[in-house]
Participant: 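After the structure tokens below, expect a handful of questions from me.
Convention: sequence-line order gives letters A, B, ...; per-chain numbering from 1.
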Amino acid sequence: MSVAAGPVRAGLRGRDLARGLLALFPADQVLLQHDDLLLYEYDGAVDTAMPDAVVLPHDTGDVAKVVRFCAEHGVPIVPRGAGTGLSGGAIPVEGGVVLSFARMSRIIEIDVPNQRAVVQPGLVNLHLSTAVAPHGLYFVPDPSSQKACTIGGNVAENSGGPHTLAYGVTTNHVTGLEVVLSDGTVQRFGGKALETDGYDLVGAFIGSEGTLGIVTEITVKLTPLPEDKRTILAAFHTMDDASDAVSAIIAAGVVPSAMEMMDALATEAVEASVGAGYPLDAGGILLLEVDGVREGLDDARERIETICRERGAFLIRVAATTLERDRLWAGRKGAFAAMGRLSPEYYVQDGVIPRTKLPEILRHITAVGQRYGLRVANVFHAGDGNLHPLILFSGSGGEAELERVRAAGLEILSACVDAGGSITGEHGVGMEKNCYMPIQFTPDDLAAMARVKRAFDPTGLANPGKLFPTPSRCREFAFGARKLDA
Amino acid sequence: MKAVISPADAGQCARALADAASARTTLRIEGGGTKAYIGDGGATDAVLSTRLIAGIVDHVPADLTVTVRGGTALSLLQRTLAAAGQFLPLDPPCAERATIGGVIAANSNGFGRVRYGGVRDALIGTTVALTDGTLAHAGSRVVKNVAGYDLNKLFAGSLGTLGVIVEATLKVLPLPRATAIAEVRVAGAADAFAIADALLRTPLRPTALVVDAEGGAWRLLVAADGERPIVERAMLEVARRAEDVAGVVERSDGSEAMLAPLRDLTSRATNGAVVRAAVPLAATGAYAENATRREAVSRVVADAGSGIVRVHVRGEEAGVIAAAEALVAAARIVGGSAHIERREPALRERLRAWPTPPPAASLMRRLKDAFDPNAILEPGRSAIG
């Protein structure tokens with residue numbers, strides 16, 4: 001079943017498209033050569049597709065201009081930040097124009113009294129926190145790719161990171177957006193104040209993966225830096241013990257700012273790559289952090305340590321210096337990249353489950369891996385139940401191997417939904433999981449989303465082929481529609 | 001007498017909406033009936049009450065989530081959670097009678113937003129009955145989910161204009177081990193907001209920062225909760241800063257008794273009008289101070305942690321209208337917005353709730369048309385009519 005907006009028109013392509021774009025922009029803002037376009041056919045996920053052209057806007061006016069042109073000529077438009085996305089959000093699956101935000105990467109304003117910053121979408125996430133640190137502030141969302149990923153991309157995907165357990169994800173830290181809709185109109189949603197009259201369009205837009213329009217300016221909340229932190233590494237013999245500790249900590253009324261878990265395979269890769277000092281004989285590792293005002297931190301740390309010991313932790317280490325803390329975190333943040341040590345290729349899933357279901361879902365993942373003859377490493381946000389099973393494969397097994405990897409991934413996601421969870425916690429649906437949407441949502445649920453799509457994007461040209469199941473690509477996924485809570 | 005439709009469950013509610021849509025029966029959606037004063041809505045053909053769609057569906061304490069039906073009283077939910085050592089971090093006005101569906105639909109927040117966030121931050125899943133007779137789920141029951149559009153945000157604050165919230169899943173938290181509140185009586189707005197601002201720039205994360213001005217008297221209320229040492233530190237910092245401006249500090253453990261009357265300013269304001277402004281944080285002090293200088297203004301309650309300011313205007317009609325209109329304009333000048341949250345019935349014609357359409361109103365109308373093409377839900381209630 002397709003619930004996406006109307007069919008995309010064939011639209012301008014080739015020489016006519018090139019001529020049209022070059023009439024609007026100087027040559028250094030338009031990429032048309034095959035070799036140049038090759039850099040834009042991929043992102044952090046597995047799928048690829050070539051754009052017809054890439055435009056590099058300098059400001060909102062440029063964005064509106066190219067979007068109006070595309071609307072007139074039926075050309076799909078796909079925004080792109082740093083291309084670190086893990087669900088194919090920036091891939092022009094139906095061709096068209098990719099809008100690269102590489103040249104819209106400025107901080108427009110740091111407004112310390114209002115605890116806000118106004119930024120362009122191409123700004124790198126970490127650059128903002130670095131820039132506002134002298135004011136004792138930071139931008140909370142910290143995806144593992146924060147050294148490269150852009151805030152525009154964070155808005156599109158509603159990105160999270162390890163510290164979202166206590167402080168929330170991107171949508172909890174954005175109060176205003178400037179957006180160009182697919183008809184070329186420039187709209188402002190929200191601002192520096194916490195609320196505006198009418199519907200919460202900021203909230204509806206964040207996480208829409210470029211399918212509702214293109215964000216051109218973002219007003220974000222800045223948060224006072226914590227006075228201090230305690231970073232704790234706890235090593236367990238089994239993942240079950242580590243999972244129990246996670247639930248016990250929450251049940252005891254402690255909400256750490258981060259609670260990350262890693263299995264033995266992931267630990268092996270991280271140690272070979274980063275050398276974070278994780279014990280190689282552990283079956284499961286927890287990386288925990290508490291932060292805030294100095295008072296109370298040691299009390300929270302002691303409670304966490306006690307619970308971990310009670311649940312079988314055989315080693316507990318507390319970072320004594322900033323250097324030690326950074327080293328512990330380097331292991332976690334470098335985990336995906338470290339997988340190269342274990343396997344030429346990996347496919348990462350992003351399912352979410354209620355955290356009390358961690359032990360059973362982890363056992364299920366192991367069983368699925370064994371059944372398909374695939375190794376699976378786990379490194380994930382245990383505190384909010386956001387799994388990241390990394391399915392390892394050779395990459396030389398052709399389509400048959402890929403099919404096996406996808407099938408294993410789908411089984412894992414289905415189990416997450418069956419456990420009351422979600423197919424994606426922070427990586428997005430994109431073109432990687434759009435066919436899986438019906439396992440989490442009923443046709444009625446998807447129809448409600450399609451109403452929103454049509455209201456924002458009546459032309460259907462905003463990042464087509466994403467988020468909604470498409471008849472062309474999803475035919476083989478004949479899922480019976482199931483209710484989320486059935 | 002007006003017809004009251006009281007569906008017994010979500011499915012009945014969806015069917016009732018479909019029936020109303022095909023008959024073009026306009027509906028007011030009612031939960032606890034605590035916020036009926038909002039908006040410019042006139043009489044509707046019928047009222048749809050959610051009171052029977054009530055009860056807690058699921059609560060797994062270690063997951064820190066609760067799933068609850070829309071018509072459930074917030075107070076009942078809080079008592080259930082408290083028995084498990086948890087609470088829903090929302091402290092809206094009229095918490096005793098308000099329903100969770102109504103709190104979400106009206107985006108009804110209290111002073112705890114500075115620490116815990118508001119409705120939009122706590123809400124992770126909704127089931128909404130739509131006018132085509134379907135039930136649409138958005139979000140999920142887990143704390144992190146980016147599958148599909150975040151329709152939770154669209155429904156929060158939609159005032160029943162898009163559909164009826166029949167079920168919601170929300171994030172909950174462990175009850176704090178200690179709470180305290182300090183009342184600081186100061187000479188004027190400058191001192192009150194200076195203390196509030198200084199506290200906001202620390203990682204202390206107070207649970208309320210409220211400035212109250214009435215009859216020329218100014219006071220700041222600072223609440224803190226959490227582990228005992230953190231609460232003590234917060235109270236110490238308040239006292240230290242109050243000393244700097246010769247403020248008089250009084251500390252108590254009963255936050256609720258002190259905050260409730262301020263939170264309920266609008267529901268208690270049966271005469272005159274209440275202007276509700278949302279302004280950027282740093283503009284809150286000047287906005288509140290200027291408000292107290294106007295004729296007809298009787299009380300100003302400013303949430304210094306979130307920039308929400310409520311102004312109660314009383315007296316003869318022309319004065320009330322002039323002050324209310326000036327306060328709405330003043331909010332816009334500083335980059336915020338304001339509307340008339342409540343006014344006495346006699347003023348309804350001359351003082352519109354939403355004086356001007358919001359930015360992006362045409363897009364909002366397209367959303368409204370997409371969800372309620374026959375325009376049966378809450379005509380006139382919201383900022384876009």
Side-chain angles (χ1 to χ4, degrees), chain A residues 113-115 157-158 160 168 171-172 187-189 191-201 203-204 206-208 224 226-227 247 250-251 253 292-293 295-296 299 352-356 384-386 420-426 428-429 437 440-441 444-445 448-449 451-452 454-455 467 484, chain B residues 60-64 85 117 120-121 130 134-138 140-151 153-154 156-158 173-174 201-205 226-227 229-230 233 278-282 306-308 335-337 339 354 358-361 363-364 366-367 370-371 382-384:
Chain A
N114 281 314
Q115 302 193 341
E157 303 294 330
N158 193 14
T171 191
N172 308 109
Q187 310 267 346
R188 279 198 167 269
F189 309 154
K192 287 182 180 173
L194 212 51
E195 287 179 10
T196 44
D197 293 340
Y199 301 137
D200 179 4
L201 298 180
I206 293 172
S208 62
E227 255 174 14
S247 286
I250 296 284
V293 289
E295 290 83 354
D299 177 54
V352 191
I353 48 140
R355 67 175 75 75
T356 47
D384 33 41
N386 188 183
S422 165
I423 58 171
T424 175
E426 56 184 8
V429 174
M437 285 289 274
Q440 185 174 345
F441 296 106
D444 289 343
D445 302 345
M449 291 182 199
R451 293 171 202 241
V452 174
R454 278 193 296 271
L467 201 141
L484 180 58
Chain B
V60 182
D63 285 334
L64 295 183
R120 79 192 290 285
D121 303 294
L130 301 178
T134 60
L135 289 170
H137 307 83
S140 74
R141 288 189 184 184
V142 286
V143 295
K144 215 164 153 197
N145 166 48
V146 295
Y149 298 141
D150 189 355
L151 301 189
K153 302 288 188 290
L154 198 56
S158 64
L173 283 173
R201 276 161 221 297
T202 69
L204 281 169
R205 307 182 77 208
E227 299 296 318
I230 298 172
R233 159 92 184 272
V279 297
L281 271 184
S306 67
I308 306 294
S337 63
H339 65 272
W354 314 95
L363 176 57
M364 291 180 191
R366 292 210 293 273
L367 285 162
F371 280 90
S382 78
I384 55 156

Participant: Taking the side chain from R451(A) and the backbone from A370(B), do they hold a donor-acceptor pair closer than 3.5 Å?
Facilitator: yes

Participant: Given that the side chain runs from C-beta out, which part of L151(B) has a heavy atom under 4.5 Å from chain A: side chain, backbone, both or neither?
Facilitator: side chain

Participant: Check K144(B) against G160(A) and note the closest heavy-atom contact, atom names and distance.
Facilitator: CE-CA, 4.4 Å

Participant: Name the region of V60(B), side chain, backbone, both or neither, that has any atom closer than 4.5 Å to a heavy atom of chain A.
Facilitator: side chain

Participant: Side chain, backbone, both or neither: which part of E426(A) has an atom under 4.5 Å from a heavy atom of chain B?
Facilitator: both

Participant: Sort D444(A) into side chain, backbone, both or neither according to what part of it lies under 4.5 angstrom from a heavy atom of chain B.
Facilitator: both

Participant: Between R201(B) and chain A, with a heavy-atom cut-off of 4.5 Å, which part of the residue counts as in contact: side chain, backbone, both or neither?
Facilitator: both

Participant: Measuring heavy-atom distances to chain B, does R355(A) have an atom under 4.5 Å in its side chain, in its backbone, in both, or in neither?
Facilitator: both

Participant: Does any heavy atom of chain A fall under 4.5 Å from the side chain of L367(B), the backbone, both, or neither of them?
Facilitator: both

Participant: Please classify the contact of D299(A) with chain B as side chain, backbone, both or neither, using a heavy-atom distance under 4.5 Å.
Facilitator: side chain

Participant: Can you spot which of V143(B), L64(B), D63(B) makes a side-chain contact (heavy atoms from CB on, under 4.5 Å) with P354(A)?
Facilitator: D63(B)

Participant: Search all heavy atoms of H339(B) against all heavy atoms of D197(A) and return the closest pair with its distance.
Facilitator: ND1-OD1, 3.5 Å

Participant: Could you look at F189(A) and say if it's the side chain, the backbone, both or neither that has a heavy atom under 4.5 Å from chain B?
Facilitator: side chain

